[in-house]
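What follows is a single structure, written as C-alpha cells, with notes after it.
Sequence lines set the chain letters: A, B, ... in the order given, protein chains first and strands last, and positions in each chain run from 1. Side chains are part of it too, since the values below use all heavy atoms of this structure and drop only hydrogens, waters and symmetry mates. Bear in mind the structure is a predicted one, so any value in this text is a computation, not a measurement.
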2 protein chains.
Amino acid sequence: MSAVEKAFHGLRHMIATGRLGPGERIPPESDLCEELGVSRGPLREAVRMLSALGVVEPRHGSGTYVSQLRPEDVIRSLLLTFELLPLPGLLEIYEIRRVLEAHVAAKAAARRSAEEVETLFSLIEEMEATDDPTKASELDHRFHAEIARIGGNPTLASLLSVFRARSRQYQVFTLPEGPEMRQKSDADHRLMATGIADRDPGAAAGAAEAHVAQTERWLRAFMPPVEEEGVPGTAAG
Amino acid sequence: MSAVEKAFHGLRHMIATGRLGPGERIPPESDLCEELGVSRGPLREAVRMLSALGVVEPRHGSGTYVSQLRPEDVIRSLLLTFELLPLPGLLEIYEIRRVLEAHVAAKAAARRSAEEVETLFSLIEEMEATDDPTKASELDHRFHAEIARIGGNPTLASLLSVFRARSRQYQVFTLPEGPEMRQKSDADHRLMATGIADRDPGAAAGAAEAHVAQTERWLRAFMPPVEEEGVPGTAAG
DNA sequence: TCCCCAAAGTCGTCTGATGACTTTTGCATT
DNA sequence: AATGCAAAAGTCATCAGACGACTTTGGGGA
C-alpha cells in the first residue's frame, strides 16, 4: 500500500471508528505523520482527498476539522466534477431527475405550509416578469430548490441541486427559441405550484415530471456544446 | 487564490474545455507546474483531489490519465465517504432508495430478457439455499445490482450501488432475528422477480418499494451502531 | 525474429526551510 | 479590574532539491 493510501485509510478509519467526530479538529500534521508512518507530502495529499470529498475542511493557520458528515455535504462534493461530464451521460441523469423531482413535488404537496405556497408563487411572478435569461435561470433554480426544501429531505434536495446545476450549464433560455421555451416553462411551474397549493401530490408529481421531461427534450433537440466553464450566462447564482 | 486552488481549477479548466479529453494522458508534473505557476507539492495535491473525485487516475511510472468521465465513475467516488455518514442521514437515503429501486424495477420489468429472468431466479435460489449471512448479503447485493443493470441506466445503477453499500454495513442478517428477516427478504425478492418476469412494471415497482421500506423499518428498529469499518461480516464482496 | 536489459520518462516519497495565517498569551494602559 | 494591543506559539501552505520505484521504450545480442 502506498504512503498516500496508508494516510487516507488511516484518517478514514479514525473517523469511521469515532475517534474523530464531526466538527472536531484533527491532530496537527506532524503528529499524524508520526502516527501513520508517512511524511508530510503524502499526508497532505490524503487530507486533500478527504477535503475534496467533503469529509474534512482545512483552515489555514487554525487546523483541519472534520465536517458535519451530513449526506448533503458529501453529495455537494459532486458539484465541481459533474460539470465535466459529457452530454451522453447527462441524459441518464435526466431520467433520475424526472423520478426524483416528481417525488419531491408530491411530498411538498403533502407538507407545504401557507407561507411556502406564497413563496413559490412570488418566485413564479418574478420569473414571469423578468426579461433577463440569467435572472430567469437563477429564479428557476430557486423555485425548484424551494420545492425540494419543502419536500423535507435535505439529502434529496442536495442531490437534485447537483443534477440541476449540471443542466443549467447549457443555458437553453439564451437560444433564439428561448422566450418560447420560457413561456412553456412558466406554465409548467404554475401547474406544479398549483398542485402543491391544492395539496394534490399526484398533480404536483405529474407536473414536475412533465416539466423535467420537457427540459430534457429541449436539450436533446439542440444539444448545444458547452465550450467554456464559468461563462457568464444562465449559470450565474 | 491558493496554489492548490490555482492548480485544481487550472486542471479542471483544461478538462472542461476539452484540451484534455477522456482517457488522455495529462502533461507531466514538471510541465504542469511551470504552466500553472505552482510547485510540485500543491500540484500533486490538486491531482489527488481530482483523483479522489474520479476525474483522473495517476499510474505510477506511466503518467496521469483523465478518466472516461462517465457519471457512474464520478458517483462511485462517493463509496468510501458514504460509509462515514452517521445513522440519521442514512434514513434520508432510504427514502431516495425507495423511490429509485421502485423505478429501476419497473424499467427492468419492461426491458428484461428471458436470460436475465433466469439469472434473477438462480440468484434467489442460491440465496435461499445458503446459511451463511455473509454469502446471503453478497448474493442480495448481486440480485439488486442485476435488476439495476437490466433497468438500463448505468448512472442510476451506480447511485443505487453506493446507497446499498452504506446500508449493508449494518449487517442486519447477523442479528438474532436474522433468519426470520431473511425469510421475509427472500419472499420479497421472489415478488420482485415475478413482477419482472411477468413484464408487470407496477407489480415489480410495488414489490421493490415494499422491500426497501421493510429493510428501513428493520434498521430503524434495531439501529445497531457500526463499530468498525471493514469488519468481516456481511459487508464482504 | 525474438528476448533481454539498459536507459529514459514519470510518478512517489522524504527532508529541510520558509512564509502566511490564526489563536493564545501576557503585558501595558485605561 | 477591564480592555486593548502586541508578541509568541501553533498550524497549515509553499517552495526547493534529491532520491527511489515503476513503466515504457528502444537497442543490442542470441
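- Along DNA chain D, the nucleotide nearest to Gly61(A) and the one nearest to Tyr65(B) differ in position, and the one closer to the 5' end is contacted by Gly61(A).
- With values rounded to the nearest 0.5 angstrom, Met49(A) atom CE is found 12.0 Å from Glu45(B) atom CD.
- How far OG1 of Thr64(B) is from CZ of Arg25(B): 9.0 Å, rounded to the nearest 0.5 Å.
- If you check every strand for non-hydrogen atoms under 4.0 Å, Ser2(A) touches sugar and phosphate atoms only.
- DNA chain C is contacted by both Arg59(A) and Ala3(A); Ala3(A) maps to the nucleotide lying nearer its 5′ end (nearest heavy atom per residue).
- Residue contacts shown for Gly41(A) are absent, as no nucleic acid heavy atom lies under 4.0 Å away.
- Whole-Å rounding puts the His60(B) NE2 to dT10(C) C1' distance at 8 Å.
- Here NE2 of His103(A) is found 10.0 Å from CG of Leu160(A). Values are rounded to the nearest 0.5 Å.
- When the C1' atom of dT14(D) is taken as reference, atom CZ of Arg48(A) falls 11 Å away, rounded to whole Å.
- With Pro42(A) as the fixed residue, the side chain to side chain contact (heavy atoms under 4.5 Å, CB included) test singles out one of Val47(A), Val4(A), Leu36(A): Val4(A).
- The Val4(B) side chain lies nearest to dT14(D) when the options are dA13(D), dT14(D), dC11(C).
- For Glu45(B) and dC15(D), the CD to P distance is 10 Å, given to the nearest whole Å.
- Checked by atom type, the side-chain pair Arg164(A)/His144(A) shows no donor-acceptor distance below 3.5 Å.
- A straight line from CD of Glu34(A) to C1' of dT15(C) spans 16 Å, rounded to a whole angstrom.
- Each of dC22(D), dA13(D), dT22(C) was ranked by its minimum atom distance to the side chain of Ser62(A); first place goes to dT22(C).
- The distance from atom CD1 of Ile26(B) to atom P of dT10(C) is 12 Å, rounded to the nearest whole Å.
- Here the C1' atom of nucleotide dG20(D) and the CZ atom of Arg40(B) are 12 Å apart, to the nearest Å.
- Candidate nucleotides dT15(C), dC12(D), dC11(C) were compared by shortest atom distance to the side chain of Arg44(B), and dC11(C) ranks first.
- The listed nucleotides are dT14(D), dT10(C), dC11(C); the one nearest the side chain of Pro42(B) is dT14(D).
- Counting non-hydrogen atoms under 4.0 angstrom, Ser30(A) reaches nothing in the nucleic acid.
- To the nearest angstrom, C1' of dC21(C) lies 14 Å from CZ of Arg25(A).
- In this structure, Met1(A) atom CE and dG12(C) atom C1' are separated by 15 Å, rounded to whole Å.
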